[in-house]
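One structure is given below, encoded as structure tokens.
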Amino acid sequence: MRKFEKSKKLDYVCYDIRGPVMDEANRMIAQGVEILKLNIGNPAPFGFRAPEELLKKMNDNLVNTEGYSDSRGLLSAREAIVKYCRKKGIYEVGTDDVYTGNGVSELITLSMQGLLDSGDEILVPSPDYPLWTASVTLAGGKAVHYICDETADWYPDINDIKSKITERTKGIVVINPNNPTGTLYSKELLEEIVTLCRENGLIIFADEIYDRLVLDGLTHTSIASLAPDLLTITFNGLSKSHLIAGYRCGWMSLCGDKSFARGYVEGINLLSSMRLCSNVPAQSVIGTALEMEEETKQLLVPGGRIYEQREYIYEALNQIPGISATKPKAAFYVFPKIDTKRFGIHNDEKFVLDFLREKKILLTHGGGFHWEKPDHFRVVYLPEMEQLKSACCRLSDFLTYYRQE
Ligand code: PLP
């Protein structure tokens, strides 16, 4: 009898959706235990509702969107995306350079599959959004992690990036605003990254899915706007800004110099046609969504849910002895540090597992984001304030007695 094993590459897919913590959470849920999930950036279960106008638009369009679309996406959707790019200072992009996808997730995987040969390297941040490392690995490449420095507001360490560029490096992933740290990068920092890419002929993979979820009146700069001469692929979508993660609506736009990357673009076109097209009803609301700014902004200003919850979680976590957190400026994540000496922690996954079993709260350990030291975990601060308060109380209590064996 022939035996089929799981691909070895899958072992490297260290992802916050799998592993012993998720297995335990699922087991507990099956037994009827109520678990507070602070592990996933999915707004809908926490009472966030998509704008009515958007839902109406999708509903109205259902009959017109029954068939496949062009494999890149509806022209009207791509025109709206090009318009949005221009608004963000990205001019070197036309409708043929835009690809819609079933969420950004699908396009991350596609962009890596189209590019990488065995052993090719992609620079990926540590901590990362783990799908990036997984996609590089599954495409046969090697994710080389560059350090983001907590003592410098979680900014990427430029010298570390420099030291990791080799002959095999094809590109760099820049996640801004960042998941899991909630950091927003300055224009100056992005310019430094662009200079490095220019000097070394790197493609920039700019994951900007949180660009409309910026707090404190700050402004997001698209890295592609600083690098019109470089091939930059910018990823964005409606899962977070328009609270419709379940509708699977994302896109990527290729801008800058594509002359040296004809084969790669051909590969992207081929892979894009192979999956026929992305969800067409979801594409049909992109134009409307990108014209709606107020609904999202209301969540981000004082009195708005994301703003108030960020204020609370930042203060509350920092009040717990042994925990310190950098204030997030965007998205809805915070990546606190835990004093490993104080609690004898040598395994962050075990810490999160013990906390889950004891206090029925699901966090993600730092290792899930390819953070090497066992001294961080991520909190999604989407749940209602009362739930966040309860979570912080339970964490504070847990840490009064927790010591790892
Ligand atoms: N990129 C980042 C940084 C994310 O945090 C996420 C989802 O959490 C995604 C991409 C995937 O988003 P989508 O729902 O568009 O697949």
Side-chain angles (χ1 to χ4, degrees), residues 13-18 22 37-46 48 50 54 73 77 81 84 98-112 122 124-136 143 145 148 154 156 172-185 204-214 220 222-223 233-253 275 278-279 281-283 285-286 289-290 296 306 328-335 362-364 366 368-371 378-382:
V13 183
C14 173
Y15 195 34
D16 54 341
I17 52 168
R18 58 158 237 172
M22 280 312 295
K37 291 186 174 174
L38 303 184
N39 70 318
I40 184 156
N42 186 16
F46 303 112
F48 287 93
L54 206 65
I81 293 162
Y84 184 73
V98 173
Y99 300 77
T100 61
N102 294 303
V104 166
S105 304
E106 180 186 44
L107 297 169
I108 290 176
T109 312
L110 190 152
S111 67
M112 290 298 127
I122 295 287
V124 178
S126 167
D128 69 347
Y129 174 60
L131 179 62
W132 278 105
T133 296
S135 298
V136 171
H145 292 106
C148 296
W154 283 117
I172 182 167
V173 176
V174 179
I175 306 174
N176 175 42
N178 191 271
N179 176 10
T181 62
T183 289
L184 178 73
Y185 297 160
I204 302 172
F205 297 92
D207 184 341
E208 300 188 347
I209 191 163
Y210 298 100
D211 75 335
R212 293 175 296 278
L213 291 176
V214 173
H220 176 265
S222 278
I223 192 166
I233 308 189
T234 305
F235 298 79
N236 212 323
L238 301 182
S239 292
K240 318 290 176 170
S241 61
H242 291 74
L243 312 166
I244 51 170
Y247 294 159
R248 312 308 297 125
C249 185
W251 59 86
M252 64 177 183
S253 45
R275 50 97 221 223
S278 68
N279 175 11
Q283 290 179 43
V285 301
I286 292 176
L290 291 179
T296 314
I306 294 181
K329 298 191 174 64
F332 31 66
Y333 310 104
V334 57
F335 197 57
L362 184 54
L363 300 168
T364 309
F369 305 98
H370 301 100
W371 182 252
R378 187 190 71 174
V379 179
V380 175
Y381 59 84
L382 284 171

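All ligand and atom numbering here is 1-based and tracks the order in the structure.
- A donor-acceptor pair is defined here as one N or O able to donate and one able to accept, closer than 3.5 Å; such a pair exists between the side chain of Arg378 and the backbone of Asn39.
- Considering only heavy atoms from C-beta on, Phe48 comes within 4.5 Å of Ile306 through its side chain.
- Considering only heavy atoms from C-beta on, Leu243 stays 4.5 Å or farther from Phe46 through its side chain.
- Ordered by chain and residue number, the residues placing a heavy atom less than 4.0 Å from ligand 1 are Gly103, Val104, Ser105, Tyr129, Ile175, Asn179, Asp207, Ile209, Tyr210, Ser239, Lys240, Arg248, Tyr333.
- Contact annotation: the side chain of Asn176 never approaches that of Ile223 to less than 4.5 Å [non-hydrogen atoms, C-beta and beyond].
- At least one donor-acceptor pair under 3.5 Å links the side chain of Thr296 to the backbone N or O of Ser241.
- The aromatic rings of Tyr210 and Phe332 sit perpendicular to each other, their planes meeting at more than 60°, with 30° as the lower class boundary.
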